[in-house]
Amino acid sequence: MSRIPLNPLGDNILGDYLREQRQSARLSLRQLSELAGVSNPYLSQIERGLKKPSAEILQQLAKGLQVSAESLYVRAGILDERPEHAPEPPDTRAVITADPQLTARQKAALLDIYDSFVGEPSTASTRPSTRPSTRPSASRRRASKTSTPKK
């Protein structure tokens, strides 16, 4: 019986990736087969490109290797690879503002801290201060220095 790899070009993308991940995790075929609940001969055939595993088997292998199942699905040809561009980051200000577990004071404090880190213009001028100042204003300090006679 001829052993022809599943991929017509002879590439064994999934099998090579599985072998690399298994070896970097310092696992033998037998150890991974026990962790994943897949038979040792079947796992060997997958690594050599002789068998094409189902999505369920790939998920079990991903769990055993502690890698994402998606990465195995892509290499097995089940999923298309995600586009190269990075996803849009979440709008941190909107997330903080929308969080129902935070009080208005906590939201204002978090937004001030966030603005100080990212360097965005603060909207503190549009928000009322949540904490009264305990220090006298600069004009009061100057007045008290000049009106108090020294002895």
Legend entry - L61 and L43, any side-chain heavy atoms less than 4.5 Å apart: yes
Legend entry - Donor-acceptor contact present, side-chain K107 to main-chain T97, <3.5 Å: yes
Legend entry - Set of residues satisfying side-chain contact (heavy atoms from CB on, under 4.5 Å) with respect to L65, sequence neighbours excluded: L18, Q21, R22, L27, L32, V67
Inset, instruction - Tell me, please, which residues at least two apart from S24 pass side chain to side chain donor-acceptor pair (under 3.5 Å). - result: none
Inset, instruction - Name all residues meeting the salt bridge (charged side-chain N to carboxylate O under 4.0 Å, His left out) criterion together with R19; count only those two or more places apart in sequence or in a different chain, and write none if there are none. - result: D16, E47
Inset, instruction - Report the distance from atom CD of Q23 to atom OG of S28, rounding to the nearest 0.5 Å. - result: 11.0 Å
Inset, instruction - Starting at OG of S33, measure out to CD1 of I46 and round the result to the nearest 0.5 Å. - result: 10.5 Å
Inset, instruction - Mind checking the CD1-NZ spacing from I78 to K52? Nearest 0.5 Å is all I need. - result: 6.5 Å
Legend entry - Side-chain heavy atoms of V118 within contact of T92, under 4.5 Å: no
Legend entry - Sequence neighbours excluded - salt bridge (Lys or Arg N to Asp or Glu O under 4.0 Å) pairs with any residue from residues 26-42: none
Legend entry - Side chain to side chain, Y42 and I57, heavy atoms closer than 4.5 Å: yes
Legend entry - For Q59 against A69, the heavy-atom pair lying closest together: CA-CB, 4.3 Å
Inset, instruction - Name all residues meeting the side chain to side chain donor-acceptor pair (under 3.5 Å) criterion together with S39; count only those two or more places apart in sequence or in a different chain, and write none if there are none. - result: none
Inset, instruction - Sequence neighbours left out, what passes side chain to side chain donor-acceptor pair (under 3.5 Å) with S44? Give chain and number order. - result: R48
Legend entry - Residue list, salt bridge (charged side-chain N to carboxylate O under 4.0 Å, His left out) with D99, at least two apart or on another chain: none
Legend entry - Between OG on residue S116 and CG on residue L111, distance to nearest 0.5 Å: 11.0 Å
Inset, instruction - Can you sort out the partners of Q66 under side chain to side chain donor-acceptor pair (under 3.5 Å), two or more places apart, ordered by chain and number? - result: none
Legend entry - L79: side-chain contact (heavy atoms from CB on, under 4.5 Å) partners, not counting sequence neighbours: E70, Y73, V74
Inset, instruction - Report yes if some heavy atom in the side chain of L14 is under 4.5 Å from a heavy atom in the side chain of P53; otherwise report no. - result: yes
